[in-house]
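The analysis underlying the following values was restricted to heavy atoms, covering all of them including side chains, and did not include hydrogens, waters or symmetry mates. Everything numeric here is computed off the predicted structure, so don't read it as measured data.
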Amino acid sequence: MAEVKDIEKLFETDGYLRSHEHEIRRRHGVLQDWLNRINQGEGGLEQFSQGYKYYGLHFQPDNSVIAREWAPGARDVYLTGDFNNWHWESHPFKKLDFGKWELHLPPNADGSPAIKHLSEIKVIIRNHSGQLLDRLSPWAKYVVQPPKSANQGVNYKQYVWEPPSYERYQRQHPRPAKPKSLRIYECHVGIASQEPRVGSYDEFADRIVPRIKRQGYNCIQVMAIMEHAYYASFGYQVTSFYAASSRYGNPEQLKRMIDVAHSHGLYVLLDVVHSHASKNVQDGLNQFDGTNSCFFHDGARGEHSLWDSRLFNYVEYEVLRFLLSNLRWWHDEYNFDGYRFDGVTSMLYHSRGIGEGFSGDYNEYFGLNVDTDALNYLGLANHLLHTLDPETITIAEDVSGMPTLCRPVSEGGIGFDYRLGMAIPDKWIELLKEQSDDEWNMGNVVHTLTNRRWMENTVAYAESHDQALVGDKTIAFWLMDKEMYTHMSTLSDSSLIIDRGLSLHKMIRLITHSLGGEAYLNFMGNEFGHPEWLDFPRVGNNDSYHYARRQWNLVDDELLKYKYLNEFDRAMNELEERYGWLHSGPAYVSWKHEGDKIIAFERAGLVFVFNFHPQRSFTGYRVGTNWAGTYQAVLSSDDPLFGGHNRIDANCNHRSNPEGYAGRSNFIEVYAPSRTAVIYARVSD
């Protein structure tokens, strides 16, 4: 069995894993075998993960150009473009070993390069049937869809991105320190515009980044950056893995956007899709070399039937180089600080259907149930990223609850820093859709929020982009629906629906933030209860951008109640920054009363009290605490600043009583109004 340096730490964290020790060691052995192979063949992962310096187009000091591609199934490979008047076969590549191809283009007679910045090029593949196929290079840095007015079709075109030095963006700001408490703002550049059109990198940097900073977030997770031909795919059908989406601007503008975010103290995470790839042949990787394999498995194993996409062959040497280098590329070239890996559950269990759950039986996570090739890739990716840059953050989109996913590779784990708490938003939507307020089970709510693996960090969130998509509803819309069109004005008649909606929106987000994990995530606009849904322009909606934007005017209008939710979100984040409950260890839940609908817990020296009861308020309500002293309310969802009814006196002192209560050594007595959340801090001993 393979030697795993710190495996005993893994078993100290979870003793039930010892019965799977053999497989954990075997998995780690496979990873180590790959590292040994890469060390022998490439001189180490450092060199192997810089494939973008070998493949693609490279300008030399003498202005000659070298082009290289990996096309193992091709009979011949050519380069064409405006540099040779689109003669497809005039510039053939030379065939090298292992499916590699190379072309040298000498400089022009005047010493200038044969191919220039913004030249249009294509790779031409001759398959084994003799057919010539035009393709975009998998290593393309900049691809653009022609405007409709050009009448040049819809296929993307590859343009050489080699700007002169004076046009290249120069970083002006250092990367901020890695946050101890991660408060993530999930966002999309294209829909960040208020106008019905695609937003830009520059607009996001200048208009949206300051908003995010003001709200108290310290990290942005940017979606749909890797180029995707189909805008409505939300970036999940990637076609060009090395190209920053040209819908929003050019590569230098993306670099500026990240630099501006860094200047505001924001970490920047890239939503990376290595779980699958678009089936698109003309714009994507599919059938690049004229065969059905190349980057993917052939046959059924290479198809994801539910997503209608292709599945990577993670045991192919050059595919691993392509994917690992891709992670390195976004870090080194653009200065991203980390990644959210999309579709991790699908990578590991792609034979399962959507909605097919996991029982928690450890046998589901080992043996033939798991795609160990994909698991090995994820381990290699995390090992690479954390070795090159220990400050890198990686997050797994995982619903399975797989043990070891967020434990270090040195322990036999997969190495992620966090996983998404995907059961939490599902629970909130279930409650809002299927149960009346008085049917909510407090024990079940607490269980959902606290049911996570010990010592494996979780990103808690009440809702993300998934819940905002057309066909579903945001929490705000589930709560208030059509009343949002008529009663969100501060001048309008009072509405019980709006009052309930504002109250529960705040409570749901605060209890998720404070009890649900070791990091928190919010999707752009949901912090202020953005109405309606997201729907990208497509044939089914007449290519409308009406729902593919964010209506910032709603929260900026002082006469609308959206400002209340926005201010509460800001106060919640600022209080977390002050007390650091996300990185302080799990909460101790001392009280969950079904009749009273009250949940109370302690975390980071604070006492949290939530009264979900739709009618009843309680005076002199006892709440246990292990910390003796005098307490005051430091955040109340009932504050008028947040649209509340001002039923909590922030100046009121609550002196602890040394009598034991609810399993704690002390208690305080508080007023707990209905549908209100209050956080108490100790102000003196």
Side-chain angles (χ1 to χ4, degrees), residues 51-71 74 76-94 100-126 132-169 201 226-229 239-255 280-285 288-289 325 329 333-334:
Y52 51 85
K53 292 184 177 179
Y54 179 80
Y55 289 111
L57 212 63
H58 298 282
F59 289 75
Q60 305 303 303
D62 65 351
N63 277 341
S64 63
V65 179
I66 300 176
R68 297 188 188 94
E69 298 292 346
W70 179 66
D76 296 297
V77 179
Y78 307 89
L79 189 69
T80 190
D82 49 25
F83 76 97
N84 67 359
N85 293 316
W86 296 101
H87 293 300
W88 278 26
E89 299 174 75
S90 65
H91 287 76
F93 283 67
K94 177 184 177 182
K100 300 176 184 178
W101 299 81
E102 184 176 87
L103 169 65
H104 286 254
L105 290 173
N108 294 323
D110 63 0
S112 63
I115 298 177
K116 296 175 175 58
H117 176 52
L118 293 179
S119 292
E120 185 186 346
I121 59 172
K122 275 194 174 182
V123 176
I124 305 300
I125 301 290
R126 187 190 302 277
L132 290 176
L133 310 167
D134 60 301
R135 297 286 187 261
L136 300 182
S137 170
W139 305 86
K141 302 175 185 176
Y142 187 56
V143 296
V144 180
Q145 188 175 42
K148 290 182 180 180
S149 59
N151 291 319
Q152 295 178 358
V154 297
N155 291 339
Y156 274 66
K157 297 175 180 290
Q158 178 181 347
Y159 292 96
V160 174
W161 192 259
E162 192 68 22
S165 58
Y166 61 85
E167 291 183 11
R168 300 186 184 202
Y169 184 78
Y201 295 125
M226 302 165 78
E227 190 61 270
H228 47 293
T239 44
S240 290
F241 284 74
Y242 284 78
S245 182
S246 59
R247 284 185 183 87
Y248 325 127
N250 65 47
E252 308 310 312
Q253 290 168 318
L254 173 58
K255 292 173 187 176
N280 188 320
V281 173
Q282 289 298 316
D283 301 315
L285 293 180
F288 170 70
D289 67 349
S325 297
W329 165 255
E333 182 71 12
Y334 288 95

Exercise. Under a 4.0 Å N-O cut-off, is there an ion pair linking Arg135 with Glu69?
Worked result: no
Within the structure provided, determine whether Ile115 and Leu57 are in side-chain contact (heavy-atom separation under 4.5 Å). yes
Between Leu136 and Val143, is the side-chain contact (heavy atoms from CB on, under 4.5 Å) condition met? List the steps. CA-CA 9 Å; Leu136 300 182; Val143 296; 4.2 Å; yes
Query raised in the report: Take atom NZ in Lys116; do more than 12 heavy atoms of anything else shown fall under 6.0 Å from it?
Result: yes
Is any side-chain heavy atom of Tyr78 closer than 4.5 Å to one of His87? no
May I ask you to decide if the ring planes of His228 and Tyr248 are parallel, tilted or perpendicular, using 30° and 60° as cut-offs? tilted
- [ ] Determine the interplanar angle of the Tyr55 and Trp139 rings, folded into 0 to 90°, and report it as parallel if under 30°, tilted if 30 to 60°, perpendicular if over 60°.
- [x] parallel
Exercise. Looking at Tyr142 versus Trp161, is the centre-to-centre ring distance below 6.0 Å?
Worked result: yes
request  = Take Tyr334 and Trp329, measure what side-chain contact (heavy atoms from CB on, under 4.5 Å) needs, and give me the verdict at the end.
outcome  = CA-CA 8 Å; Tyr334 288 95; Trp329 165 255; 3.7 Å; yes
Are Glu252 and Pro163 packed together at the side-chain level, in the sense that at least one heavy-atom pair is separated by less than 4.5 angstrom? yes
Interatomic distance, CG@Leu254 vs OH@Tyr201, rounded to 0.5 Å, equals 5.0 Å
Applying side-chain hydrogen bond (donor to acceptor under 3.5 Å, both in side chains) to Lys53 and not counting sequence neighbours gives Gln50
>> With a 4.5 Å cut-off on side-chain heavy atoms, are Ile125 and Val77 touching?
In response: yes
Flag the pair Gln60 / Ile66 as yes when at least one side-chain heavy-atom distance between them is below 4.5 Å, and no otherwise.
-> yes
- Query: Would Trp88 and Leu132 count as a side-chain contact (heavy atoms from CB on, under 4.5 Å) if you check the C-alpha gap in whole Å, the side-chain angles of each, and the deciding distance to 0.1 Å?
  - Reply: CA-CA 9 Å; Trp88 278 26; Leu132 290 176; 4.0 Å; yes
*May I ask you to decide whether Lys94 forms a salt bridge with Glu102, counting only side-chain N to carboxylate O separations under 4.0 Å?*
no
With side-chain contact (heavy atoms from CB on, under 4.5 Å) as the criterion, how do Glu120 and Asp82 come out once you've worked through the C-alpha distance, each side chain's angles and the decisive distance to 0.1 Å? CA-CA 6 Å; Glu120 185 186 346; Asp82 49 25; 4.0 Å; yes
Residues at least two apart in sequence or cross-chain that pass side-chain hydrogen bond (donor to acceptor under 3.5 Å, both in side chains) with His58, listed by chain then number, are none
* Asked: When you measure from the centre of the six-membered ring of Tyr242, is the NZ or CZ of Lys141 under 6.0 Å away and within 45° of the axis?
  -> no
Between Thr80 and Asn84, do the side chains contain an N or O donor and an N or O acceptor separated by less than 3.5 Å?
yes
Closest non-hydrogen atoms of Ser64 and Pro106, given as atom of the first, atom of the second and distance, are CB-CA, 4.2 Å
Do Gln282 and Asn155 have side chains that get closer than 4.5 Å, going by heavy atoms? yes
Q.
Any salt bridge linking Glu162 with Arg168? Criterion: basic side-chain nitrogen under 4.0 Å from a carboxylate oxygen.
A. yes
Could Arg68 and Tyr54 be counted as a cation-pi pair, given that NZ or CZ must be under 6.0 Å from the ring centre and within 45° of the axis? yes
Exercise for the section: Could you tell me if the ring centre of Phe83 sits under 6.0 Å from that of His91? Expected result: yes
Requested in this report: Using the side-chain hydrogen bond (donor to acceptor under 3.5 Å, both in side chains) rule, take Glu227 and Ser245 through it: C-alpha gap first, then chi angles, then the decisive distance, then the call.
Outcome: CA-CA 4 Å; Glu227 190 61 270; Ser245 182; 3.1 Å; yes
